[in-house]
Amino acid sequence: MELVVDGVGHAYDDLVALDGIDLEVRDGEILALIGPSGCGKSTLLGILGGLLRPTRGEVRLVGALPPGTLNPFTYVFQDFALLPWRTVEANIALALEHHSLGAAERRAAIDEVLALTGLADFRAALPKQLSGGMRQRVGVARALAARPAVLLLDEPLSALDAQTRDLLMEDFERLWAQRRITAVYVTHNLDEALRLADRVVVLSRRPGRIREIVTVDVPRGARSMAALAGLHERLWRTIRDEAASADREIAADAA
Amino acid sequence: MPPDATAAPAAGRTVPFRGGGFAPRLHRGAALVAFAALIAAWQAAASLKLVNALFLPSPLQIAASLYAMAATGELFLHVAASLRRILLGWAFGTAAGLGVGFAIGLFGLVRSIGLPLVSALFPIPKIALLPLFILWFGIGEPSKVATIALGVFFPTAIAAFGAVDNVPKSLIRMAQSFGLPPFDIVRKVVLPGALPGILSGFRISASIALILVVAAEMINAQTGIGALVLLAGSLMQTDQLLAGVVVLSVLGLVISFVLGRLERRLLRWR
(Lines give C-alpha, C1' and ligand atoms only; values in the text may rest on other atoms or scores of the structure.)
Protein backbone atom coordinates (compact mmCIF):
# COMPACT_ATOMS: atom_id res chain seq x y z
CA MET A 1 0.00 0.00 0.00
CA GLU A 2 1.32 3.44 -0.91
CA LEU A 3 0.04 6.98 -0.63
CA VAL A 4 0.73 9.06 -3.72
CA VAL A 5 0.60 12.85 -3.58
CA ASP A 6 0.22 14.13 -7.10
CA GLY A 7 0.69 17.86 -7.86
CA VAL A 8 -1.08 18.97 -4.70
CA GLY A 9 -1.53 22.66 -4.04
CA HIS A 10 -3.68 24.52 -1.57
CA ALA A 11 -4.71 28.14 -1.12
CA TYR A 12 -6.68 29.83 1.63
CA ASP A 13 -8.48 32.43 -0.50
CA ASP A 14 -5.58 34.46 -1.97
CA LEU A 15 -2.94 32.96 0.30
CA VAL A 16 -1.16 30.09 -1.42
CA ALA A 17 -0.04 27.68 1.31
CA LEU A 18 1.20 24.76 -0.78
CA ASP A 19 2.27 24.46 -4.36
CA GLY A 20 3.12 21.52 -6.59
CA ILE A 21 3.72 18.82 -4.01
CA ASP A 22 4.65 15.46 -5.57
CA LEU A 23 5.46 12.78 -3.08
CA GLU A 24 4.86 9.16 -2.21
CA VAL A 25 4.53 7.72 1.26
CA ARG A 26 5.84 4.18 1.03
CA ASP A 27 4.39 1.19 2.76
CA GLY A 28 5.64 0.89 6.33
CA GLU A 29 7.86 3.96 6.28
CA ILE A 30 7.89 6.90 8.65
CA LEU A 31 8.04 10.08 6.65
CA ALA A 32 8.77 13.33 8.48
CA LEU A 33 7.58 16.67 7.10
CA ILE A 34 9.65 19.58 8.32
CA GLY A 35 9.97 23.21 7.38
CA PRO A 36 9.70 26.77 8.70
CA SER A 37 6.54 28.03 10.40
CA GLY A 38 3.69 28.60 7.99
CA CYS A 39 5.20 26.45 5.24
CA GLY A 40 2.06 24.33 4.96
CA LYS A 41 3.13 21.17 6.82
CA SER A 42 -0.15 20.82 8.71
CA THR A 43 -2.09 21.82 5.60
CA LEU A 44 -0.44 18.97 3.70
CA LEU A 45 -1.20 16.57 6.54
CA GLY A 46 -4.85 17.71 6.51
CA ILE A 47 -4.99 17.00 2.77
CA LEU A 48 -3.35 13.57 3.16
CA GLY A 49 -6.06 12.41 5.56
CA GLY A 50 -9.00 13.99 3.73
CA LEU A 51 -9.71 16.74 6.26
CA LEU A 52 -8.84 19.43 3.72
CA ARG A 53 -9.69 19.48 0.04
CA PRO A 54 -6.66 20.37 -2.11
CA THR A 55 -7.11 23.33 -4.44
CA ARG A 56 -5.04 21.46 -7.02
CA GLY A 57 -3.87 17.89 -7.50
CA GLU A 58 -4.94 14.79 -5.64
CA VAL A 59 -3.88 12.19 -3.11
CA ARG A 60 -4.29 8.53 -4.12
CA LEU A 61 -4.11 5.37 -2.10
CA VAL A 62 -2.42 2.71 -4.21
CA GLY A 63 -2.78 -0.95 -3.25
CA ALA A 64 -4.91 -2.76 -0.72
CA LEU A 65 -5.43 -1.61 2.83
CA PRO A 66 -3.95 -3.80 5.55
CA PRO A 67 -6.51 -6.37 6.72
CA GLY A 68 -8.64 -5.23 9.66
CA THR A 69 -8.14 -1.52 8.97
CA LEU A 70 -10.99 0.46 10.53
CA ASN A 71 -9.98 4.03 9.84
CA PRO A 72 -7.39 4.16 7.04
CA PHE A 73 -6.07 7.68 7.77
CA THR A 74 -5.92 8.35 11.48
CA TYR A 75 -4.60 11.49 13.12
CA VAL A 76 -2.73 12.17 16.32
CA PHE A 77 -3.28 15.83 17.13
CA GLN A 78 -0.95 18.44 18.57
CA ASP A 79 -3.52 19.50 21.19
CA PHE A 80 -4.50 15.85 21.87
CA ALA A 81 -8.18 16.57 20.96
CA LEU A 82 -9.54 14.44 23.79
CA LEU A 83 -13.16 14.79 24.85
CA PRO A 84 -12.85 16.20 28.38
CA TRP A 85 -16.14 14.65 29.50
CA ARG A 86 -15.05 11.13 28.58
CA THR A 87 -12.70 8.86 30.49
CA VAL A 88 -9.53 7.53 28.90
CA GLU A 89 -11.33 4.32 27.98
CA ALA A 90 -14.35 6.15 26.56
CA ASN A 91 -12.11 8.47 24.54
CA ILE A 92 -10.50 5.45 22.92
CA ALA A 93 -13.91 3.83 22.45
CA LEU A 94 -15.01 6.89 20.43
CA ALA A 95 -12.85 5.63 17.56
CA LEU A 96 -14.67 2.29 17.56
CA GLU A 97 -18.28 3.00 18.47
CA HIS A 98 -19.51 3.58 14.93
CA HIS A 99 -17.88 0.43 13.58
CA SER A 100 -19.71 -2.87 13.63
CA LEU A 101 -17.62 -4.51 16.31
CA GLY A 102 -19.03 -6.74 19.01
CA ALA A 103 -18.74 -5.61 22.63
CA ALA A 104 -16.06 -8.21 23.36
CA GLU A 105 -14.02 -7.29 20.30
CA ARG A 106 -14.23 -3.60 21.13
CA ARG A 107 -13.22 -4.27 24.70
CA ALA A 108 -10.27 -6.37 23.55
CA ALA A 109 -9.14 -3.64 21.14
CA ILE A 110 -9.27 -1.04 23.90
CA ASP A 111 -7.43 -3.30 26.35
CA GLU A 112 -4.73 -3.95 23.77
CA VAL A 113 -3.95 -0.29 23.06
CA LEU A 114 -4.18 0.63 26.74
CA ALA A 115 -1.54 -2.00 27.48
CA LEU A 116 0.56 -0.91 24.52
CA THR A 117 0.64 2.70 25.65
CA GLY A 118 1.01 1.97 29.37
CA LEU A 119 -2.39 3.40 30.23
CA ALA A 120 -4.06 0.28 31.65
CA ASP A 121 -4.15 1.76 35.17
CA PHE A 122 -5.66 5.04 33.96
CA ARG A 123 -8.62 3.76 31.95
CA ALA A 124 -11.17 5.39 34.27
CA ALA A 125 -9.35 8.73 34.54
CA LEU A 126 -10.64 11.92 32.97
CA PRO A 127 -8.26 13.90 30.71
CA LYS A 128 -8.04 16.70 33.31
CA GLN A 129 -6.51 14.20 35.72
CA LEU A 130 -3.65 13.36 33.35
CA SER A 131 -0.35 15.06 32.51
CA GLY A 132 0.28 16.36 28.99
CA GLY A 133 2.37 13.32 28.12
CA MET A 134 -0.31 10.94 29.35
CA ARG A 135 -2.96 12.80 27.38
CA GLN A 136 -0.93 12.40 24.22
CA ARG A 137 -0.55 8.71 25.00
CA VAL A 138 -4.36 8.54 25.06
CA GLY A 139 -4.36 10.28 21.66
CA VAL A 140 -1.94 7.67 20.34
CA ALA A 141 -3.92 4.81 21.91
CA ARG A 142 -7.13 6.11 20.33
CA ALA A 143 -5.42 6.33 16.94
CA LEU A 144 -4.02 2.80 17.21
CA ALA A 145 -7.40 1.41 18.26
CA ALA A 146 -8.78 2.53 14.90
CA ARG A 147 -6.25 0.20 13.22
CA PRO A 148 -4.97 2.80 10.76
CA ALA A 149 -3.29 2.14 7.45
CA VAL A 150 -1.49 5.48 7.72
CA LEU A 151 -0.90 7.30 10.98
CA LEU A 152 -0.84 11.08 10.52
CA LEU A 153 0.88 12.81 13.42
CA ASP A 154 0.52 16.60 13.55
CA GLU A 155 3.33 17.93 15.76
CA PRO A 156 2.37 15.40 18.45
CA LEU A 157 5.10 16.45 20.88
CA SER A 158 5.21 20.20 20.43
CA ALA A 159 2.85 20.94 23.34
CA LEU A 160 5.01 18.94 25.75
CA ASP A 161 8.08 19.68 27.85
CA ALA A 162 11.52 18.38 26.81
CA GLN A 163 11.61 15.40 29.17
CA THR A 164 8.11 14.24 28.25
CA ARG A 165 8.97 14.69 24.58
CA ASP A 166 11.97 12.43 24.98
CA LEU A 167 9.95 9.76 26.79
CA LEU A 168 7.24 9.81 24.13
CA MET A 169 9.83 9.55 21.36
CA GLU A 170 11.07 6.37 23.07
CA ASP A 171 7.43 5.18 23.06
CA PHE A 172 7.15 5.90 19.34
CA GLU A 173 10.41 4.05 18.64
CA ARG A 174 9.20 1.05 20.63
CA LEU A 175 5.82 1.16 18.93
CA TRP A 176 7.30 1.29 15.46
CA ALA A 177 9.65 -1.56 16.35
CA GLN A 178 6.60 -3.66 17.35
CA ARG A 179 4.20 -2.61 14.62
CA ARG A 180 5.09 -1.61 11.12
CA ILE A 181 2.67 1.28 10.70
CA THR A 182 3.06 3.71 7.84
CA ALA A 183 3.27 7.19 9.33
CA VAL A 184 3.59 10.81 8.28
CA TYR A 185 5.06 12.87 11.08
CA VAL A 186 4.82 16.65 10.95
CA THR A 187 7.25 18.49 13.18
CA HIS A 188 9.23 21.70 13.36
CA ASN A 189 11.87 19.92 15.43
CA LEU A 190 14.74 18.55 13.34
CA ASP A 191 15.99 16.30 16.18
CA GLU A 192 12.59 14.57 16.33
CA ALA A 193 12.49 14.13 12.58
CA LEU A 194 15.98 12.64 12.39
CA ARG A 195 15.45 10.38 15.37
CA LEU A 196 12.16 8.90 14.21
CA ALA A 197 11.85 9.10 10.43
CA ASP A 198 13.04 6.92 7.57
CA ARG A 199 12.89 9.89 5.21
CA VAL A 200 12.69 13.61 5.91
CA VAL A 201 10.88 15.95 3.54
CA VAL A 202 12.00 19.56 3.91
CA LEU A 203 9.42 22.08 2.76
CA SER A 204 10.31 25.58 1.62
CA ARG A 205 8.83 28.75 3.09
CA ARG A 206 5.32 29.70 1.93
CA PRO A 207 4.08 28.66 -0.52
CA GLY A 208 5.37 25.27 0.67
CA ARG A 209 7.22 23.34 -2.00
CA ILE A 210 9.45 20.32 -1.55
CA ARG A 211 12.93 21.66 -1.05
CA GLU A 212 14.67 18.39 -0.33
CA ILE A 213 13.95 14.76 0.51
CA VAL A 214 16.58 13.05 2.63
CA THR A 215 16.84 9.39 3.55
CA VAL A 216 18.06 8.81 7.09
CA ASP A 217 20.22 5.78 6.45
CA VAL A 218 21.39 5.31 10.04
CA PRO A 219 19.55 2.40 11.73
CA ARG A 220 17.00 3.67 14.25
CA GLY A 221 18.82 2.05 17.18
CA ALA A 222 22.10 3.74 16.30
CA ARG A 223 20.94 7.32 15.79
CA SER A 224 23.21 9.11 18.18
CA MET A 225 23.88 12.84 17.88
CA ALA A 226 27.33 12.05 16.51
CA ALA A 227 25.97 9.66 13.87
CA LEU A 228 23.46 12.25 12.69
CA ALA A 229 25.67 15.32 13.04
CA GLY A 230 26.45 15.78 9.36
CA LEU A 231 22.88 15.32 8.21
CA HIS A 232 21.61 17.51 11.02
CA GLU A 233 23.99 20.31 10.08
CA ARG A 234 23.05 20.19 6.40
CA LEU A 235 19.29 20.10 6.98
CA TRP A 236 19.47 22.72 9.69
CA ARG A 237 21.22 25.09 7.30
CA THR A 238 18.48 24.56 4.72
CA ILE A 239 15.68 25.11 7.22
CA ARG A 240 17.41 28.13 8.76
CA ASP A 241 17.87 29.73 5.35
CA GLU A 242 14.19 29.18 4.56
CA ALA A 243 13.06 30.56 7.93
CA ALA A 244 15.34 33.61 7.60
CA SER A 245 14.06 34.29 4.08
CA ALA A 246 10.47 33.95 5.33
CA ASP A 247 11.17 36.49 8.09
CA ARG A 248 12.72 38.91 5.60
CA GLU A 249 9.71 38.60 3.30
CA ILE A 250 7.28 39.20 6.15
CA ALA A 251 9.27 42.28 7.21
CA ALA A 252 9.34 43.57 3.62
CA ASP A 253 5.57 43.00 3.26
CA ALA A 254 4.91 44.87 6.50
CA ALA A 255 7.13 47.83 5.48
CA MET B 1 33.83 43.00 41.63
CA PRO B 2 33.12 39.36 42.62
CA PRO B 3 30.80 38.95 45.63
CA ASP B 4 32.49 38.12 48.92
CA ALA B 5 31.14 34.76 50.12
CA THR B 6 32.24 35.42 53.71
CA ALA B 7 30.53 38.81 54.03
CA ALA B 8 27.44 39.13 56.29
CA PRO B 9 24.12 39.55 54.50
CA ALA B 10 23.58 43.22 53.69
CA ALA B 11 20.84 44.96 55.69
CA GLY B 12 17.88 46.06 53.63
CA ARG B 13 14.16 46.21 53.33
CA THR B 14 11.84 43.25 52.76
CA VAL B 15 10.35 43.33 49.30
CA PRO B 16 6.72 44.42 49.83
CA PHE B 17 3.98 41.95 48.88
CA ARG B 18 1.84 43.36 46.10
CA GLY B 19 -0.04 40.30 44.88
CA GLY B 20 -3.10 40.42 47.17
CA GLY B 21 -6.75 40.94 46.30
CA PHE B 22 -8.76 40.30 43.13
CA ALA B 23 -9.47 36.73 44.25
CA PRO B 24 -12.83 36.92 46.05
CA ARG B 25 -13.52 33.93 48.28
CA LEU B 26 -16.85 32.92 49.77
CA HIS B 27 -17.21 33.31 53.52
CA ARG B 28 -19.36 30.52 54.87
CA GLY B 29 -22.37 31.71 56.80
CA ALA B 30 -21.86 35.40 55.97
CA ALA B 31 -24.96 35.50 53.78
CA LEU B 32 -27.06 33.81 56.47
CA VAL B 33 -25.91 36.25 59.16
CA ALA B 34 -26.53 39.26 56.91
CA PHE B 35 -29.96 37.93 55.96
CA ALA B 36 -30.90 37.28 59.62
CA ALA B 37 -29.64 40.75 60.62
CA LEU B 38 -31.74 42.39 57.90
CA ILE B 39 -34.91 40.56 58.96
CA ALA B 40 -34.21 41.33 62.64
CA ALA B 41 -33.76 45.03 61.85
CA TRP B 42 -36.94 45.00 59.80
CA GLN B 43 -38.87 43.26 62.61
CA ALA B 44 -37.44 45.67 65.18
CA ALA B 45 -38.49 48.67 63.08
CA ALA B 46 -42.01 47.24 62.80
CA SER B 47 -42.27 46.34 66.52
CA LEU B 48 -41.11 49.83 67.50
CA LYS B 49 -43.76 51.25 65.13
CA LEU B 50 -41.10 53.05 63.13
CA VAL B 51 -42.89 52.04 59.94
CA ASN B 52 -46.58 51.81 59.10
CA ALA B 53 -47.64 48.12 59.02
CA LEU B 54 -49.85 48.80 55.98
CA PHE B 55 -46.93 50.13 53.97
CA LEU B 56 -44.42 47.56 55.18
CA PRO B 57 -45.79 44.62 57.20
CA SER B 58 -43.36 43.00 59.60
CA PRO B 59 -41.67 39.66 58.84
CA LEU B 60 -43.80 38.05 61.55
CA GLN B 61 -47.01 39.34 59.91
CA ILE B 62 -45.85 37.99 56.57
CA ALA B 63 -44.99 34.62 58.16
CA ALA B 64 -48.42 34.52 59.81
CA SER B 65 -50.08 35.29 56.51
CA LEU B 66 -48.06 32.54 54.82
CA TYR B 67 -49.01 30.09 57.56
CA ALA B 68 -52.70 31.00 57.29
CA MET B 69 -52.68 30.53 53.49
CA ALA B 70 -50.81 27.25 53.86
CA ALA B 71 -53.28 26.03 56.49
CA THR B 72 -56.26 26.64 54.21
CA GLY B 73 -54.42 25.15 51.21
CA GLU B 74 -54.80 28.42 49.28
CA LEU B 75 -51.04 28.87 49.04
CA PHE B 76 -50.45 25.48 47.43
CA LEU B 77 -53.23 26.12 44.94
CA HIS B 78 -51.49 29.30 43.78
CA VAL B 79 -48.02 27.77 43.80
CA ALA B 80 -49.22 24.70 41.87
CA ALA B 81 -50.93 26.87 39.24
CA SER B 82 -47.80 29.00 38.75
CA LEU B 83 -45.49 25.99 38.69
CA ARG B 84 -47.65 24.25 36.08
CA ARG B 85 -47.49 27.33 33.82
CA ILE B 86 -43.75 27.77 34.37
CA LEU B 87 -42.98 24.13 33.64
CA LEU B 88 -45.13 24.00 30.51
CA GLY B 89 -43.93 27.33 29.16
CA TRP B 90 -40.31 26.61 30.02
CA ALA B 91 -40.45 23.13 28.45
CA PHE B 92 -41.98 24.39 25.18
CA GLY B 93 -39.69 27.42 25.00
CA THR B 94 -36.59 25.39 25.85
CA ALA B 95 -37.35 22.65 23.32
CA ALA B 96 -37.93 25.19 20.55
CA GLY B 97 -34.98 27.34 21.64
CA LEU B 98 -32.57 24.39 21.70
CA GLY B 99 -33.76 23.21 18.29
CA VAL B 100 -33.42 26.62 16.68
CA GLY B 101 -30.17 27.41 18.54
CA PHE B 102 -28.55 24.17 17.39
CA ALA B 103 -29.78 24.70 13.84
CA ILE B 104 -28.29 28.24 13.83
CA GLY B 105 -25.07 26.85 15.28
CA LEU B 106 -24.76 24.03 12.77
CA PHE B 107 -26.21 25.15 9.44
CA GLY B 108 -25.08 28.19 7.45
CA LEU B 109 -28.41 28.91 5.81
CA VAL B 110 -30.34 28.73 9.10
CA ARG B 111 -27.70 30.96 10.68
CA SER B 112 -28.00 33.51 7.87
CA ILE B 113 -31.76 33.71 8.32
CA GLY B 114 -32.13 32.98 12.03
CA LEU B 115 -29.42 35.14 13.57
CA PRO B 116 -30.76 38.55 12.46
CA LEU B 117 -34.30 37.39 13.20
CA VAL B 118 -33.48 36.30 16.74
CA SER B 119 -31.43 39.47 17.33
CA ALA B 120 -34.33 41.64 16.16
CA LEU B 121 -37.03 39.88 18.18
CA PHE B 122 -35.11 39.15 21.39
CA PRO B 123 -35.29 42.67 22.87
CA ILE B 124 -39.11 42.91 22.54
CA PRO B 125 -40.68 42.74 26.03
CA LYS B 126 -42.65 39.51 25.69
CA ILE B 127 -45.36 40.60 28.10
CA ALA B 128 -46.30 43.27 25.53
CA LEU B 129 -47.40 40.41 23.28
CA LEU B 130 -49.75 38.91 25.88
CA PRO B 131 -52.83 40.78 24.57
CA LEU B 132 -52.04 39.42 21.12
CA PHE B 133 -51.67 35.90 22.51
CA ILE B 134 -55.02 36.31 24.29
CA LEU B 135 -56.54 37.10 20.89
CA TRP B 136 -54.85 34.10 19.32
CA PHE B 137 -55.14 31.51 22.09
CA GLY B 138 -57.96 32.83 24.28
CA ILE B 139 -57.89 34.22 27.80
CA GLY B 140 -57.16 30.87 29.49
CA GLU B 141 -53.98 28.92 30.06
CA PRO B 142 -52.54 28.71 26.51
CA SER B 143 -51.90 32.46 26.22
CA LYS B 144 -50.04 32.50 29.55
CA VAL B 145 -47.99 29.43 28.65
CA ALA B 146 -47.23 30.92 25.20
CA THR B 147 -45.98 34.17 26.78
CA ILE B 148 -43.61 32.24 29.03
CA ALA B 149 -42.52 29.94 26.18
CA LEU B 150 -41.71 32.90 23.95
CA GLY B 151 -39.78 34.60 26.74
CA VAL B 152 -37.80 31.41 27.36
CA PHE B 153 -37.25 30.68 23.67
CA PHE B 154 -34.94 33.60 22.84
CA PRO B 155 -32.35 33.33 25.63
CA THR B 156 -32.29 29.56 25.13
CA ALA B 157 -31.74 29.86 21.37
CA ILE B 158 -29.01 32.48 21.88
CA ALA B 159 -27.30 30.41 24.59
CA ALA B 160 -27.52 27.27 22.46
CA PHE B 161 -25.97 28.67 19.31
CA GLY B 162 -23.32 30.49 21.32
CA ALA B 163 -22.53 27.23 23.11
CA VAL B 164 -22.34 25.31 19.82
CA ASP B 165 -20.01 27.99 18.42
CA ASN B 166 -17.77 27.58 21.45
CA VAL B 167 -17.26 23.83 21.03
CA PRO B 168 -13.57 23.59 20.03
CA LYS B 169 -13.30 23.02 16.29
CA SER B 170 -10.37 20.70 16.95
CA LEU B 171 -12.75 18.23 18.63
CA ILE B 172 -15.09 18.28 15.65
CA ARG B 173 -12.18 17.73 13.26
CA MET B 174 -10.98 14.89 15.46
CA ALA B 175 -14.39 13.23 15.28
CA GLN B 176 -14.47 13.72 11.49
CA SER B 177 -10.99 12.24 11.21
CA PHE B 178 -12.23 9.07 12.90
CA GLY B 179 -15.09 8.89 10.43
CA LEU B 180 -17.94 9.53 12.86
CA PRO B 181 -21.22 10.18 11.01
CA PRO B 182 -22.51 13.80 11.33
CA PHE B 183 -25.33 12.83 13.71
CA ASP B 184 -22.85 11.05 15.98
CA ILE B 185 -20.62 14.14 15.93
CA VAL B 186 -23.56 16.28 17.09
CA ARG B 187 -24.61 13.74 19.73
CA LYS B 188 -21.18 12.80 21.06
CA VAL B 189 -19.15 15.96 20.59
CA VAL B 190 -21.25 19.07 19.95
CA LEU B 191 -24.04 18.42 22.46
CA PRO B 192 -21.85 17.56 25.47
CA GLY B 193 -19.39 20.28 24.49
CA ALA B 194 -22.20 22.84 24.37
CA LEU B 195 -23.75 21.70 27.64
CA PRO B 196 -22.01 24.23 29.92
CA GLY B 197 -23.30 27.13 27.80
CA ILE B 198 -26.76 25.62 27.54
CA LEU B 199 -27.02 25.15 31.31
CA SER B 200 -25.95 28.76 31.86
CA GLY B 201 -28.76 29.72 29.50
CA PHE B 202 -31.19 27.67 31.61
CA ARG B 203 -30.47 29.89 34.60
CA ILE B 204 -31.43 32.98 32.62
CA SER B 205 -34.47 31.39 30.98
CA ALA B 206 -35.76 30.05 34.33
CA SER B 207 -35.59 33.55 35.82
CA ILE B 208 -37.40 34.97 32.80
CA ALA B 209 -40.09 32.28 33.16
CA LEU B 210 -40.61 33.30 36.79
CA ILE B 211 -40.93 36.98 35.88
CA LEU B 212 -43.31 36.30 33.02
CA VAL B 213 -45.58 33.93 34.94
CA VAL B 214 -46.29 36.66 37.49
CA ALA B 215 -46.94 39.22 34.77
CA ALA B 216 -49.17 36.84 32.81
CA GLU B 217 -51.12 35.86 35.91
CA MET B 218 -51.92 39.48 36.58
CA ILE B 219 -54.21 39.43 33.55
CA ASN B 220 -57.40 37.50 34.16
CA ALA B 221 -56.11 34.64 36.28
CA GLN B 222 -57.94 33.24 39.29
CA THR B 223 -54.98 31.29 40.61
CA GLY B 224 -51.22 31.68 40.61
CA ILE B 225 -48.76 33.77 42.59
CA GLY B 226 -49.27 36.72 40.23
CA ALA B 227 -53.03 36.60 40.77
CA LEU B 228 -52.52 36.34 44.53
CA VAL B 229 -50.20 39.35 44.58
CA LEU B 230 -52.51 41.41 42.39
CA LEU B 231 -55.61 40.59 44.48
CA ALA B 232 -53.81 41.24 47.78
CA GLY B 233 -52.61 44.58 46.43
CA SER B 234 -56.11 45.57 45.37
CA LEU B 235 -57.44 44.73 48.85
CA MET B 236 -54.51 46.49 50.56
CA GLN B 237 -53.55 43.17 52.18
CA THR B 238 -49.89 44.00 52.01
CA ASP B 239 -48.92 41.10 54.29
CA GLN B 240 -50.40 38.66 51.75
CA LEU B 241 -48.81 40.63 48.89
CA LEU B 242 -45.37 40.28 50.46
CA ALA B 243 -46.10 36.64 51.32
CA GLY B 244 -46.54 36.11 47.57
CA VAL B 245 -43.24 37.89 46.92
CA VAL B 246 -41.51 35.66 49.49
CA VAL B 247 -42.92 32.58 47.73
CA LEU B 248 -41.54 33.89 44.42
CA SER B 249 -38.15 34.42 45.98
CA VAL B 250 -38.18 30.89 47.41
CA LEU B 251 -39.22 29.53 44.00
CA GLY B 252 -36.28 31.35 42.43
CA LEU B 253 -33.94 29.88 45.03
CA VAL B 254 -35.30 26.37 44.48
CA ILE B 255 -34.90 26.66 40.71
CA SER B 256 -31.36 27.96 41.15
CA PHE B 257 -30.56 25.10 43.55
CA VAL B 258 -31.94 22.47 41.18
CA LEU B 259 -29.99 23.90 38.25
CA GLY B 260 -26.85 24.07 40.38
CA ARG B 261 -27.20 20.38 41.26
CA LEU B 262 -27.83 19.56 37.62
CA GLU B 263 -24.69 21.46 36.57
CA ARG B 264 -22.61 19.74 39.21
CA ARG B 265 -23.88 16.35 38.09
CA LEU B 266 -23.59 16.88 34.35
CA LEU B 267 -20.38 18.92 34.31
CA ARG B 268 -18.27 16.88 36.71
CA TRP B 269 -15.60 16.66 34.03
CA ARG B 270 -14.78 20.38 34.23
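Everything numeric here is computed off the predicted structure, so don't read it as measured data. When reading the values below, keep in mind they use all heavy atoms of this one structure, side chains included, and skip hydrogens, waters and symmetry mates. Lettering follows sequence order; numbering is per chain, from 1.
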So what's closer than 4.5 Å to chain B heavy atoms on [X]: side chain, backbone, both or neither?
{"X": "L126(A)", "result": "side chain"}
{"X": "L82(A)", "result": "backbone"}
{"X": "R142(A)", "result": "both"}

Over 60° means perpendicular and under 30° means parallel, so classify the ring planes of Y75(A) and F77(A), tilted if in between.
->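 Rings of F77(A) and Y75(A): parallel, under 30°.
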Any donor-acceptor N or O pair under 3.5 Å, side chains [X], [Y]:
{"X": "R203(B)", "Y": "S256(B)", "value": "yes"}
{"X": "E155(A)", "Y": "Y185(A)", "value": "no"}
{"X": "E29(A)", "Y": "T182(A)", "value": "no"}

Would you check if L23(A) and V201(A) make a side-chain contact, meaning some heavy-atom pair closer than 4.5 Å?
->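 A side-chain contact exists here, since the closest heavy-atom pair is under 4.5 Å.
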Considering only heavy atoms and a distance below 4.5 Å, find which of L96(A), L94(A), T74(A) pairs most often with chain B.
->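 Looking at each of L96(A), L94(A), T74(A) in turn, L94(A) comes out on top.
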Pick from A95(A), P84(A), G46(A): which one has the most heavy-atom pairs with chain B under 4.5 Å?
->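 Among the listed options, the one with the most contacts to chain B is P84(A).
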